[in-house]
Participant: 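Supplied in structure tokens, the structure appears directly below.
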Amino acid sequence: MAARINTLCLLNPPLFSLRYRASPLKLKPQLHFAQNPSRGALFCTCASIDSTPPNSEPFVLTTPLYYVNAPPHMGSAYTTIAADAIARFQRLLGKKVIFITGTDEHGEKIATAAMAQGSTPPDHCNLISKSYKTLWKNLDISYDKFIRTTDSKHEAIVKEFYSRVLANGDIYRADYDGLYCVNCEEYKDEKELLDNDCCPVHLKPCVSRKEDNYFFALSKYQKALEETLNKNPNFVQPSFRLNEVQSWIKSGLRDFSISRASVDWGIPVPDDKTQTIYVWFDALLGYISALCDDQEQPDLLKSVSSGWPASLHLIGKDILRFHAVYWPAMLMSAGLSLPKMVFGHGFLTKDGMKMGKSLGNTLEPNDLVNKFGTDAVRYFFLREVEFGNDGDYSEERFINIVNAHLANTIGTFNLALVTCNIQ
């Protein structure tokens with residue numbers, strides 16, 4: 001009897017009902033899981049309460065900290081839906097899970113976006129960060145920690161980390177003259193650009209810039225990174241992403257700028273208020289600052305002891321270099337452990353192109369949830385996108401999959417199971 005109750009707790013019969021929905025495509029009756037705005041994400045507690053060893057390491061899972069230059073789109077939602085599925089599965093195995101997500105709120109692009117809206121950077125960040133939390137609630141995301149890079153505890157952790165890297169001799173000051181992609185917030189090598197110096201990700205021309213900045217000695221860690229990947233090929237997944245990372249490293253690593261003189265909206269460099277810390281050197285530390293207890297004085301090593309290293313960084317493939325090259329080298333410099341795995345999934349495409357805020361061709365996830373329901377949206381993207389590869393969305397395909405699988409197959413099975421249980 002206990003086993004049957006545990007199975008039925010996943011189905012939770014009161015949460016679903018069969019409804020008709022009007023549509024020009026003449027939808028069949030669809031299985032719709034009723035949304036209750038007053039409830040938070042549901043956690044399945046099927047696993048034995050005592051199944052987790054008392055001193056076992058937690059499973060720490062992170063999404064990227066999403067950039068708040070614009071409201072969330074389906075690409076951001078896809079990463080988080082996938083991470084949520086992984087987190088729930090790990091909980092079913094009886095593990096203590098720390099699921100981290102949040103928002104990246106500093107940088108030139110944020111200040112520009114706020115100005116375009118007639119707002120201030122703090123007000124703009126508050127608005128967009130709140131929209132992420134609202135979407136995660138609508139998608140039933142069971143996160144444990146939500147970190148904002150404008151949180152005071154995060155700034156303290158970033159400054160302490162910066163000081164450790166500086167003390168290790170890995171930060172120096174120099175001029176930088178090169179082509180800069182504002183949307184990537186990154187200087188680009190000319191060899192990776194398209195015609196007319198266009199960024200291959202955002203398809204917009206890079207601008208020429210010359211600045212006096214602080215640099216991180218990335219080149220110093222080339223051999224250490226090569227050895228790490230050779231000894232632990234599972235560090236970057238899928239395997240074809242590992243090949244990309246190894247290719248970048250073998251081509252020769254260059255030191256990169258970790259401060260900006262022309263950007264006011266950011267964390268000031270310790271002992272130099274004329275510079276702010278580069279947005280990626282700042283945001284990556286959110287995976288550690290999220291582990292800091294809100295009631296305690298921020299402390300880097302204490303945060304590390306609360307769950308670091310991460311078991312899995314789940315990211316889009318466009319930010320793989322930052323997570324699989326820059327971030328490990330930064331951690332080595334600071335004397336901290338590396339994450340256990342970086343998984344770079346593919347893009348969601350629409351009309352054959354990556355969806356993104358900067359490209360202006362996004363798919364609005366809240367519209368999908370309002371039209372089809374949370375479970376249908378979650379199911380489609382987890383079922384139809386081969387994990388790690390690109391996946392394409394079309395509304396007709398979405399409707400066909402939901403009808404065939406959720407409404408007909410799974411819906412019929414659930415109703416039959418509930419009927420048998422009642423009898």
Side-chain angles (χ1 to χ4, degrees), residues 57-65 86 100 157-158 160-172 174 184 186-189 191-192 214-258 277-278 280-289 291 300-301 303-346 387-388:
E57 292 182 358
F59 185 90
V60 179
L61 164 68
T62 74
T63 71
L65 303 191
I86 295 169
I100 296 170
I157 295 294
V158 170
E160 186 178 352
F161 184 91
Y162 182 98
S163 297
R164 284 175 71 96
V165 174
L166 178 65
N168 199 44
D170 291 336
I171 294 177
Y172 62 92
C184 288
E186 181 186 24
Y187 284 100
K188 298 288 188 179
D189 289 334
K191 62 184 179 183
E192 65 181 301
Y214 291 96
F215 283 74
F216 172 68
L218 178 64
S219 58
K220 174 180 173 181
Y221 292 93
Q222 174 150 346
K223 185 176 181 181
L225 288 170
E226 289 176 345
E227 291 176 352
T228 296
L229 295 180
N230 287 333
K231 292 178 180 177
N232 182 16
N234 289 326
F235 179 70
V236 178
Q237 290 293 313
S239 58
F240 54 87
R241 303 267 183 250
L242 172 64
N243 296 336
E244 292 177 31
V245 173
Q246 289 176 320
S247 177
W248 292 334
I249 295 173
K250 287 178 182 178
S251 67
L253 295 179
R254 297 170 54 188
D255 299 350
F256 69 96
S257 169
I258 59 169
I277 294 176
Y278 173 47
W280 275 106
F281 198 92
D282 161 4
L284 289 164
L285 268 297
Y287 302 136
I288 294 178
S289 64
L291 297 170
L300 177 63
L301 294 183
S303 297
V304 166
S305 69
S306 297
W308 192 259
S311 306
L312 173 63
H313 288 323
L314 184 59
I315 60 169
K317 64 182 180 180
D318 55 330
I319 54 175
L320 183 62
R321 189 194 305 259
F322 299 105
H323 287 78
V325 180
Y326 292 9
W327 180 224
M330 289 162 54
L331 291 165
M332 289 175 183
S333 176
L336 302 179
S337 299
L338 307 191
K340 296 176 183 178
M341 180 183 292
V342 177
F343 190 102
H345 67 70
F387 203 47

Participant: Check P309 against K340 and note the closest heavy-atom contact, atom names and distance.
Facilitator: CG-CE, 4.2 Å
Participant: Hey, are the side chains of Y162 and M330 touching, using non-hydrogen atoms and a 4.5 Å cut-off?
Facilitator: no
Participant: Where do L291 and I100 land on the side chain to side chain contact (heavy atoms under 4.5 Å, CB included) test, with the steps shown first?
Facilitator: CA-CA 9 Å; L291 297 170; I100 296 170; 4.0 Å; yes
Participant: May I ask you to test the N168-K220 pair for a side-chain heavy-atom distance under 4.5 Å?
Facilitator: yes
Participant: Could you give the distance from CH2 (W327) to CZ (F281), rounded to the nearest 0.5 Å?
Facilitator: 9.0 Å
Participant: Decide yes or no on side chain to side chain contact (heavy atoms under 4.5 Å, CB included) for F387 and L314, but give the supporting numbers first.
Facilitator: CA-CA 11 Å; F387 203 47; L314 184 59; 3.6 Å; yes
Participant: Considering only NZ, NE, NH1 and NH2 on the basic side and carboxylate oxygens on the acidic side, decide whether K223 and E226 come within less than 4.0 Å.
Facilitator: no
Participant: Distance from L225 atom CG to W248 atom CH2, nearest 0.5 Å?
Facilitator: 12.5 Å
Participant: CG/L300 to CG/L336 distance, rounded to the nearest 0.5 angstrom?
Facilitator: 5.5 Å
Participant: If I compare all heavy atoms of A334 with all of F161, which pair ends up nearest, and what's the gap?
Facilitator: CB-CE1, 3.4 Å
Participant: Apply side chain to side chain contact (heavy atoms under 4.5 Å, CB included) to the pair H313 and L284, showing each step before the final yes or no.
Facilitator: CA-CA 11 Å; H313 288 323; L284 289 164; over 6 Å; no
Participant: Keeping the roles fixed (side chain from R241, backbone from G388), state whether a donor-acceptor pair exists under 3.5 Å.
Facilitator: yes
Participant: Contact between L331 and I288 at the side-chain level, heavy atoms closer than 4.5 Å - yes or no?
Facilitator: yes
Participant: If I compare all heavy atoms of S311 with all of F59, which pair ends up nearest, and what's the gap?
Facilitator: OG-CA, 3.5 Å
Participant: Assess the residue pair D255 and Y172 against the criterion (side chain to side chain contact (heavy atoms under 4.5 Å, CB included)); give the C-alpha distance rounded to whole Å, side-chain angles, the decisive distance to 0.1 Å, and a yes or no.
Facilitator: CA-CA 10 Å; D255 299 350; Y172 62 92; 2.6 Å; yes
Participant: Does the side chain of L320 reach to within under 4.5 Å of the side chain of V236, using non-hydrogen atoms?
Facilitator: yes
Participant: Counting C-beta onward and ignoring hydrogens, is there a side-chain heavy-atom pair between F216 and Y326 closer than 4.5 Å?
Facilitator: no
Participant: Side-chain contact, heavy-atom cut-off 4.5 Å: P328 with T228?
Facilitator: no
Participant: Of the non-hydrogen atoms in A283 and L65, which two are nearest, and what is the gap between them?
Facilitator: O-CD1, 3.4 Å
Participant: Tell me if a side-chain donor or acceptor on W308 pairs with a main-chain N or O of S337 at a distance below 3.5 Å.
Facilitator: yes
Participant: Roughly how far, to the nearest 0.5 Å, is the CD1 atom of I315 from the CZ atom of R321?
Facilitator: 12.0 Å
Participant: With the side chain counted from C-beta on, respond yes when P233 and L242 share a heavy-atom pair under 4.5 Å apart, and no when they do not.
Facilitator: yes
Participant: Looking only at heavy atoms, which two atoms of L218 and R254 are closest? And how far apart?
Facilitator: CD2-O, 3.4 Å
Participant: For the residue pair Y221 and D170, establish whether any side-chain heavy-atom pair is separated by less than 4.5 Å.
Facilitator: yes
Participant: If you look at every heavy atom in V60 and G307, which pair is closest and at what distance?
Facilitator: CG2-O, 3.3 Å
Participant: What's the separation between atom CG in N234 and atom CG in L229, rounded to the nearest 0.5 Å?
Facilitator: 11.0 Å
Participant: Please report the interatomic distance CD1(I86) to CG(L61), rounded to the nearest 0.5 Å.
Facilitator: 6.0 Å
